[in-house]
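Read through the structure below, which is laid out as structure tokens, and then see the notes.
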Amino acid sequence: MAETKPVPRVGVVLFVLKGNSVLLGRRRSSIGDSTFALPGGHLEFGESFEECGARELKEETGLEMGKADFLTVTNNLFLEETKPAHYVTIFLRAVLADPNQVPQNLEPNKCHGWDWYDWDNLPQPLFWPLEKMVRSGFNPFPSECVL
Ligand code: 8DG
Ligand code: MG
Ligand code: MG
């Protein structure tokens with residue numbers, strides 16, 4: 001049987017913010033195994049970015065997403081992997097519907113566990129698309145508008 005030609009896929013991931021912290025989980029995956037990454041996953045047919053982000057957050061952590069907004073998009077090539085992949089990744093910023101909710105590890109086959117990490121003291125190693133953003137000086141927190 002002829003191999004199907006690989007195509008780029010769309011990932012939607014969330015910077016879930018709480019105080020000065022973000023939610024990260026250590027991946028169990030053929031892509032970025034053991035690295036700390038944001039919650040998120042594949043955009044499904046017919047979904048808005050916000051719907052996808054809220055669904056993935058719920059599936060992976062049990063958390064209910066509150067207000068969310070678009071931050072940026074990056075083009076990520078994973079060509080050295082056993083199964084090469086190409087993701088256009090949409091990054092949203094979100095808060096929780098209820099800030100007291102506690103994350104659960106609902107997909108333990110895909111993640112070692114979720115926790116809050118201070119933005120000024122992020123764990124290592126970060127999943128490389130995230131590492132690249134952090135190194136470039138990207139900051140997901142709303143900038144203070146001082147008039
Ligand atoms: P699904 O079956 O639940 O839809 O997918 P998933 O298993 O949750 O997918 P994922 O790998 O968590 O996310 C899809 C892709 O998004 C991932 O393979 C590469 C891209 N991606 C980034 N940065 C990040 C990130 O920080 N976290 C996550 N989860 N994915 C990211 O480029
Ligand atoms: Mg998922
Ligand atoms: Mg995921």
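Quick note: numbers below take in every heavy atom, side chains included, and nothing from hydrogens, waters or symmetry partners. All ligand and atom numbering here is 1-based and tracks the order in the structure.
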Next on the checklist: Below a 4.0 angstrom heavy-atom separation, can you tell me which part of Glu56, side chain or backbone, both or neither, approaches ligand 1?
Outcome noted: side chain
Checklist entry - Is it the side chain (CB and beyond), the backbone, both or neither of Glu44 that lies under 4.0 Å from ligand 1, heavy atoms counted? => result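 Neither part.
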Checklist entry - Closest heavy-atom contact between Ala85 and Ile31? => result CB-CD1, 3.7 Å
Checklist entry - Between Arg28 and Glu107, does at least one N-O distance fall below 4.0 Å, as a salt bridge requires? => result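 Judged by the 4.0 Å cut-off on N to carboxylate O distance, Arg28 and Glu107 do not form a salt bridge.
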Checklist entry - Using 4.0 Å as the upper bound for N to carboxylate O, is an ion pair formed by Arg55 and Glu47? => result yes
Suppose we measure from [atom] to each protein heavy atom; which comes out shortest, and what is that distance?
atom                    : answer
atom 30 (N) of ligand 1 : Val13 CG1, 3.3 Å
atom 12 (O) of ligand 1 : Gly40 O, 3.1 Å
atom 6 (P) of ligand 1  : Lys110 NZ, 3.7 Å
atom 5 (O) of ligand 1  : His42 ND1, 2.8 Å
atom 19 (C) of ligand 1 : Tyr87 CD1, 3.7 Å
atom 27 (N) of ligand 1 : Leu38 O, 2.8 Å
atom 32 (O) of ligand 1 : Thr89 OG1, 2.8 Å

Item to check | Those atoms of ligand 1 less than 4.0 Å from some heavy atom in Asn76 | outcome: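 Near Asn76, the atoms of ligand 1 are 32 (O).
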Side chain proximity check, [X] to [Y], heavy atoms < 4.5 angstrom:
X      : Y      : value
Leu71  : Phe15  : yes
Val16  : Leu57  : yes
Leu130 : Leu122 : no
Asp120 : Asn20  : yes

Checklist entry - For atom 13 (O) of ligand 1, which candidate among Gly41, Gly11, Pro129 holds the nearest heavy atom? => result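 Looking at heavy atoms only, the winner is Gly41.
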Checklist entry - Side chains of Asn76 and Thr89: do they bring a donor and an acceptor to under 3.5 Å? => result yes
Next on the checklist: Side chains of His112 and Asn105: any donor to acceptor distance under 3.5 Å?
Outcome noted: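 No, no side-chain donor-acceptor pair sits under 3.5 Å.
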Next on the checklist: So, of the N/O/S atoms that Glu56 has, which is the nearest one to the Mg ion (ligand 2)?
Outcome noted: OE1
Next on the checklist: When you measure from the heavy atoms of Glu60 to every atom of ligand 1, does any distance fall below 4.0 Å?
Outcome noted: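 Judged by the 4.0 Å heavy-atom criterion, Glu60 does count as contacting ligand 1.
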Checklist entry - Is there a heavy atom in Arg27 that sits closer than 4.0 Å to ligand 1? => result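 True for this residue.
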Checklist entry - Between O of Gly40 and OE2 of Glu60, what angle is found at the Mg ion (ligand 3), rounded to 10 degrees? => result 80°
Checklist entry - Is it true that some N/O/S atom of Glu59, main chain or side chain, lies under 2.8 Å from the Mg ion (ligand 2)? => result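 No, outside the cut-off.
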Item to check | Metal check, the Mg ion (ligand 2) vs Glu107 N/O/S, cut-off below 2.8 Å | outcome: no
Checklist entry - Quick one: does NZ or CZ of Arg27 land under 6.0 Å from the six-membered ring centre of Phe127, within 45 degrees of the ring axis? => result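 The answer is yes; both the distance and angle limits are met.
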Checklist entry - Between Phe78 and Trp128, what is the ring plane arrangement, given parallel below 30°, perpendicular above 60°, and tilted in between? => result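 Plane angle between 30° and 60°, so tilted.
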